[in-house]
Amino acid sequence: MSSIIDGKQLAETIKEEIAAEVKILKEQGHKIPHLAAVLVGANPASQVYVRNKVRSCEQVGFESTLIRKDDSITEEELLEIIHELNTDEDVDGFIVQLPLPNHINEENITLAIDPKKDVDGFHPMNFGRMAQGLPSYLPATPFGIMQMLDRYNIETEGKTCVVIGRSNIVGTPISILLSRKAKPGNATVILCHSRTKNLQEYTLKADIIVAAIGRANFVTADMVKEGAVIIDVGINRVDDATRKRGYRLAGDVDYAGVEAKSSMITPVPGGVGPMTVTSLLMNTLKACKGEVYS
Ligand code: GUN
């Protein structure tokens, strides 16, 4: 029987800590952290995510600015907005919510963001600094996972960690962070992906599994070693006629089956998801205090 790694609760605790720090900044007459978010188009999931980010800013006492643009915006117009945010001294950090419409090159947009304000940690400058162990903004999901491991005192040193999925925003960065000479870190990391042969051979060796594949219930009990720690990054919509909205959320891990074998597990929803917003808030606070780039 597994114990739950409660991301929802931990995210609330961290938000309270950030709010307390903002209160002190305010009392001492310092600048209040200010996050801006750019949302292009009407992607339903993106609208939910951005609304949640803005609401979280309000909850901790940050200033926030939401810039909404129609799908028809050109790449040049979006680059102009980025330039304005790069030079706006009141804005400490900003994000451009992805995905963008097909006619806009996401790489050009990511590269245009000043690394000092790149609180998503997507710019290659921040990615490279992360890989070299230099101060950087960590991308939201890997940062959230590291926070969970840290706050729940989950030992990673010398452990075998299997990461499944090699995306730029989750699998690849978390594999780097877990292997860094740091705490949490110092793990032996195996990065598995769609071309991995005999995946189960690796997962059965894992003390910690990070599942970031994007396929519902992909990791099953027969793939998990007794007592393993399971971090489930998946947020998959599964058709469910019994729900009013017609679907339910499922992780990349078959929770019902795996829960009996693992020692600790993140639920979906309420696990890794809520931690991503706190990562963004922590990065914005760092940006405001000049902790990453001075
Ligand atoms: N789309 C999905 N996740 C993210 C994220 O963390 N940041 C941005 N900007 N877009 C996303």
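Both counts, for ligands and for their atoms, begin at 1 and track the order of listing. The structure presented is a predicted model; accordingly, all values stated were derived computationally and were not measured.
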**Student:** Atom 9 (N) of ligand 1: which protein heavy atom is closest, and how many Å away?
**Tutor:**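 Sorting protein heavy atoms by distance from atom 9 (N) of ligand 1 puts Asp120 OD2, 2.6 Å first.
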**Student:** How does Glu106 reach ligand 1, if at all, at less than 4.0 Å between non-hydrogen atoms: by side chain, backbone, both, or neither?
**Tutor:**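 None of Glu106 does.
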**Student:** Between Leu98, Leu280, Thr141, which one has a non-hydrogen atom sitting closest to atom 1 (N) of ligand 1?
**Tutor:**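 Going through Leu98, Leu280, Thr141 one by one, Leu98 has the nearest heavy atom to atom 1 (N) of ligand 1.
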**Student:** In the protein, what heavy atom is nearest to atom 3 (N) of ligand 1, and what distance, to one decimal place, separates them?
**Tutor:**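 Here the closest protein heavy atom is Gln97 NE2, 4.3 Å.
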**Student:** Any luck finding a side-chain donor-acceptor pair between Asn126 and Tyr293 under 3.5 Å?
**Tutor:**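 Asn126 vs Tyr293: donor-acceptor pair found between side chains.
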**Student:** For ligand 1, which is the ligand I care about here, please tell me if Val96 has any N or O atom under 3.5 Å from one of the ligand's N or O atoms.
**Tutor:**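 Val96 vs ligand 1: N/O contact under 3.5 Å present.
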**Student:** Do other residues, nucleotides or ligands put more than 12 heavy atoms under 6.0 Å from Arg215 CZ?
**Tutor:**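 Counting neighbours around CZ of Arg215, 12 or fewer heavy atoms of other residues, nucleotides or ligands fall under 6.0 Å, so no.
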**Student:** Under a 4.0 Å heavy-atom limit, does Tyr49 contact ligand 1 with its side chain, its backbone, both, or neither?
**Tutor:**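 Within the 4.0 Å criterion, Tyr49 makes no contact with ligand 1.
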**Student:** Spell out, yes or no, whether Ile4 and Ile209 are grouped together once hydrophobic residues are joined by side-chain heavy atoms under 4.5 Å, including indirect joins.
**Tutor:**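 Ile4 clusters together with Ile209.
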**Student:** Do the charged groups of Glu58 and Arg55 touch, with an N to O distance under 4.0 Å?
**Tutor:**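 Answer for the salt bridge query: no.
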**Student:** Around atom OH of Tyr202, are there more than 12 heavy atoms of other residues, nucleotides or ligands at under 6.0 Å?
**Tutor:**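 No, because the 6.0 Å sphere around OH of Tyr202 holds 12 heavy atoms or fewer from other groups.
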